[in-house]
Peer 1: 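Dropping the structure in here first, questions after.
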Amino acid sequence: MADAGMPQISRGLEGVYVDESSVGKVDGQEGRLYYRGYPIAQLSDNSDFEETAYLLLNGQLPDRQQLESITKQLAESRDLPKGIVDIIKEMNSKADPMDILRTATSALSAYDTEVQDASPEANMRKSIRIISRMSSIVATIGSVAAGREYVAPDKSLGHVENFLYMLNGARPSKESLDIMRVMFIIHAEHSSNASTFGTLVAGSTLADIYSAITAGISVLKGPLHGGADEASVRMMRAIGKPENTESYIESALAGKQKIMGFGHRVYKTYDPRARIIKEYLIRLQDHSSEEVRTLTAIALRAEKLMVEKLGQSHGIWPNVDFFAGPVYIAAGIPVELFTPIFAASRSSGWCAHMLEYWKNNRLFRPLEYYTGKIDLEYVPIDKR
Ligand code: CMC
């Protein structure tokens with residue numbers, strides 16, 4: 001029987017506004033995304049990660065001097081303490097790269113003398129160190145997994161170029177660098193998604209920024225959120241050949257399985273980030289490896305079928321994670337690093353939101369409607 005006292009519950013906080021923000025705007029009806037007012041396509045066409053991170057953290061594009069300053073700060077923070085490299089080596093092959101990233105990022109707090117300084121200035125400095133070092137951690141996870149030693153960063157390189165250098169022990173090709181420049185920008189921010197919200201919930205208790213970012217990484221890991229990029233390319237590999245695509249998808253849908261890389265809580269139309277990555281993939285196609293060409297053909301067939309079946313009718317369209325896999329593979333990135341790279345880039349959005357939220361902090365403490373029993377009589381263990 002319906003409970004007359006039951007309040008209106010919004011499961012998954014669907015449709016609930018938890019605060020105001022000027023960091024990022026997602027327009028789910030029109031399929032638009034803005035960072036501090038700039039359309040994502042303008043940034044992915046023209047910007048680089050340092051400039052985008054500055055924009056997110058400070059609210060406006062930097063002038064030359066400001067850009068030089070953040071570039072220098074990011075470059076100077078890159079080197080990882082030996083203890084962090086040791087954690088990565090110890091966990092290598094025993095743990096998922098997202099678990100290694102979460103543990104190593106949390107451990108960074110031990111090496112930051114400002115960890116307890118909650119002033120806005122110190123939090124900004126810590127944000128820059130976190131953004132810088134999470135990329136170094138992800139690169140080192142990849143380098144150690146490939147059997148290489150820690151590659152010390154090169155301060156003369158840009159953020160993304162240095163990431164690829166630390167990952168592979170060699171300077172990247174122009175093509176890989178451009179792919180990863182776009183991917184780092186596209187993943188940097190996405191308003192109050194689950195991981196940003198998780199970051200804010202931890203930070204709203206006035207826990208330090210390392211605790212907040214570690215919470216964000218934990219939340220990002222799952223396949224309904226950041227982990228969908230890996231799940232989607234694993235599906236494409238399981239499909240194997242382009243001609244198997246339709247039967248695979250049809251049978252997955254008939255079995256009530258979700259197709260990873262499709263659907264979104266906010267976008268009920270094409271995710272603009274998916275559009276950018278898809279266009280990039282199509283441009284790459286002619287000069288990419290056979291594997292990337294096959295994955296691209298599978299992805300395009302799967303997209304066509306899904307859009308016909310669930311696009312207009314159910315508002316289920318490709319999201320950022322669907323085309324990401326083949327593009328990463330074209331840049332030589334191993335599948336296990338897709339979600340950690342998402343986290344390394346998203347650290348800029350998480351920090352920007354955290355700094356904004358702390359300007360007017362309020363503890364998150366929602367309610368649950370209790371449906372259990374009450375006033376039970378305690379029964380001693382030998383009488384149960
Ligand atoms: N494939 C097939 N059916 C789907 C899909 C999908 N990818 N996504 C949603 N549906 C169906 C779902 O089965 C349900 O159907 P019914 O009403 O018949 O039970 C209906 O659509 C509503 O789904 P929901 O999961 O309740 O909706 P939501 O608002 O919670 O969905 C979502 C958001 C992202 C969790 C979901 O679309 C999903 O699980 N997608 C696959 C995972 C994925 O790609 N995640 C990455 C999201 S974008 C990157 C990021 O920001 O993290």
Side-chain angles (χ1 to χ4, degrees), residues 10-17 24-35 38-45 182-183 186-187 189-194 196 222-285 293-327 338 342:
S10 195
R11 298 201 64 237
L13 293 181
E14 182 163 1
V16 174
Y17 286 88
K25 175 176 169 63
V26 177
D27 180 341
Q29 296 308 317
E30 298 297 324
R32 300 209 173 106
L33 169 63
Y34 304 88
Y35 292 179
Y38 293 92
I40 185 63
Q42 289 202 18
L43 295 169
S44 65
D45 278 352
V182 171
M183 298 306 268
I186 276 183
H187 284 96
E189 156 59 11
H190 210 232
S191 84
S192 58
N193 53 75
T196 301
L224 296 187
H225 191 7
D229 50 8
E230 299 189 14
S232 139
V233 85
R234 289 189 205 285
M235 178 192 77
M236 291 175 202
R237 281 181 169 163
I239 290 173
K241 292 183 187 157
E243 57 270 31
N244 297 342
T245 308
E246 289 76 10
S247 57
Y248 185 102
I249 300 274
E250 295 277 12
S251 108
L253 290 177
K256 294 271 169 218
Q257 278 178 42
K258 282 184 170 175
I259 307 300
M260 294 293 138
F262 285 87
H264 200 274
R265 178 64 64 77
V266 183
Y267 292 120
K268 296 304 167 199
T269 182
Y270 218 103
D271 179 337
R273 303 166 300 172
R275 206 181 285 289
I276 292 168
I277 303 176
K278 179 185 169 186
E279 282 165 13
Y280 209 102
L281 192 58
I282 289 169
R283 281 208 302 277
L284 274 176
Q285 237 187 135
R293 286 201 302 277
T294 304
L295 292 174
T296 304
I298 291 171
L300 292 173
R301 284 173 79 145
E303 179 214 23
K304 184 166 180 292
L305 181 68
M306 285 293 286
V307 167
E308 276 166 18
K309 288 184 85 80
L310 299 174
Q312 292 295 356
S313 57
H314 293 76
I316 295 172
W317 299 83
N319 62 50
V320 66
D321 291 322
F322 188 63
F323 293 107
V327 171
F338 294 178
F342 187 158

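Throughout, numbering of the chain's residues begins at 1 and tracks the sequence. What you see below is based on every heavy atom in this structure, not just the backbone, and it leaves out hydrogens, waters and symmetry mates.
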Peer 1: Rounded to the nearest 0.5 Å, what separation is found between the CD atom of E243 and the CD1 atom of I298?
Peer 2: 8.5 Å
Peer 1: Mind checking what makes salt bridge (charged side-chain N to carboxylate O under 4.0 Å, His left out) contact with R237, not counting sequence neighbours?
Peer 2: E291
Peer 1: In Å, rounded to the nearest 0.5 Å, how long is the span from CZ of R283 to CG of L281?
Peer 2: 10.0 Å
Peer 1: Do V320 and I186 pass the side-chain contact (heavy atoms from CB on, under 4.5 Å) test, and can you show the C-alpha distance, the side-chain angles, and the key distance before you say yes or no?
Peer 2: CA-CA 8 Å; V320 66; I186 276 183; 3.8 Å; yes
Peer 1: With sequence neighbours excluded, tell me which residues meet side-chain hydrogen bond (donor to acceptor under 3.5 Å, both in side chains) with N319.
Peer 2: none
Peer 1: Output yes when a side-chain donor or acceptor of E189 lies under 3.5 Å from a complementary backbone atom of S191, and no otherwise.
Peer 2: yes
Peer 1: Applying ring-ring contact (aromatic ring centres under 6.0 Å, His included), can you list everything that pairs with H187, at least two apart in sequence or on another chain?
Peer 2: F342
Peer 1: Identify the two heavy atoms, one from S44 and one from V182, that lie closest to each other, and give their separation to 0.1 Å.
Peer 2: O-CG2, 4.0 Å
Peer 1: Could you tell me which residues satisfy side-chain hydrogen bond (donor to acceptor under 3.5 Å, both in side chains) with Y35, sequence neighbours excluded, listed by chain and number?
Peer 2: none
Peer 1: Mind listing the closest non-hydrogen atom pair of S192 and T196 along with its distance?
Peer 2: CA-CB, 4.4 Å
Peer 1: Once side chain to side chain donor-acceptor pair (under 3.5 Å) is applied, what residue pairs with a partner in residues 294-306 remain, sequence neighbours excluded?
Peer 2: E246-R301, Y270-E303, K278-E303, K304-E308
Peer 1: Using side-chain contact (heavy atoms from CB on, under 4.5 Å) as the criterion, list what pairs up with Y34, not counting sequence neighbours.
Peer 2: K25, R32, P39
Peer 1: For residues P318 and V307, report the shortest heavy-atom separation together with the two atoms involved.
Peer 2: CD-CG2, 4.1 Å
Peer 1: For R265 and N193: C-alpha separation, side-chain torsions, deciding distance, then whether side-chain contact (heavy atoms from CB on, under 4.5 Å) applies.
Peer 2: CA-CA 9 Å; R265 178 64 64 77; N193 53 75; over 6 Å; no
Peer 1: Does anything in residues 300-325 form a ring pair (Phe, Tyr, Trp, His ring centres under 6.0 Å)? List the pairs, not counting sequence neighbours.
Peer 2: F262-F322
Peer 1: Identify the two heavy atoms, one from T245 and one from A302, that lie closest to each other, and give their separation to 0.1 Å.
Peer 2: CG2-N, 3.5 Å
Peer 1: Identify, with sequence neighbours excluded, every residue that meets side-chain hydrogen bond (donor to acceptor under 3.5 Å, both in side chains) alongside Y38.
Peer 2: none
Peer 1: If I take atom CD1 from residue I277 and atom CD1 from residue I282, how far apart are they, to the nearest 0.5 angstrom?
Peer 2: 12.5 Å
Peer 1: Tell me every residue that passes side-chain contact (heavy atoms from CB on, under 4.5 Å) with V266, counting only those two or more places apart in sequence or in another chain.
Peer 2: V26, H264
Peer 1: Could you tell me which residues satisfy ring-ring contact (aromatic ring centres under 6.0 Å, His included) with H225, sequence neighbours excluded, listed by chain and number?
Peer 2: none
Peer 1: Side chains of L33 and H190: does their closest heavy-atom pair fall under 4.5 Å?
Peer 2: yes
Peer 1: To the nearest 0.5 angstrom, please state how far the CG atom of D321 sits from the CZ atom of F338.
Peer 2: 10.5 Å
Peer 1: Mind checking the OG1-CD spacing from T269 to Q29? Nearest 0.5 Å is all I need.
Peer 2: 8.5 Å
Peer 1: Using atom types as modelled, flag every donor-acceptor pair under 3.5 Å from a side chain in residues 247-260 to any protein atom, sequence neighbours excluded.
Peer 2:
| unit_1 | atom_1 | unit_2 | atom_2 | d |
| --- | --- | --- | --- | --- |
| S247 | OG | N244 | O | 3.1 |
| E250 | OE1 | K309 | NZ | 3.0 |

Peer 1: Going by salt bridge (charged side-chain N to carboxylate O under 4.0 Å, His left out), name the residues that satisfy it together with D271, two or more places apart in sequence or in a different chain.
Peer 2: R273
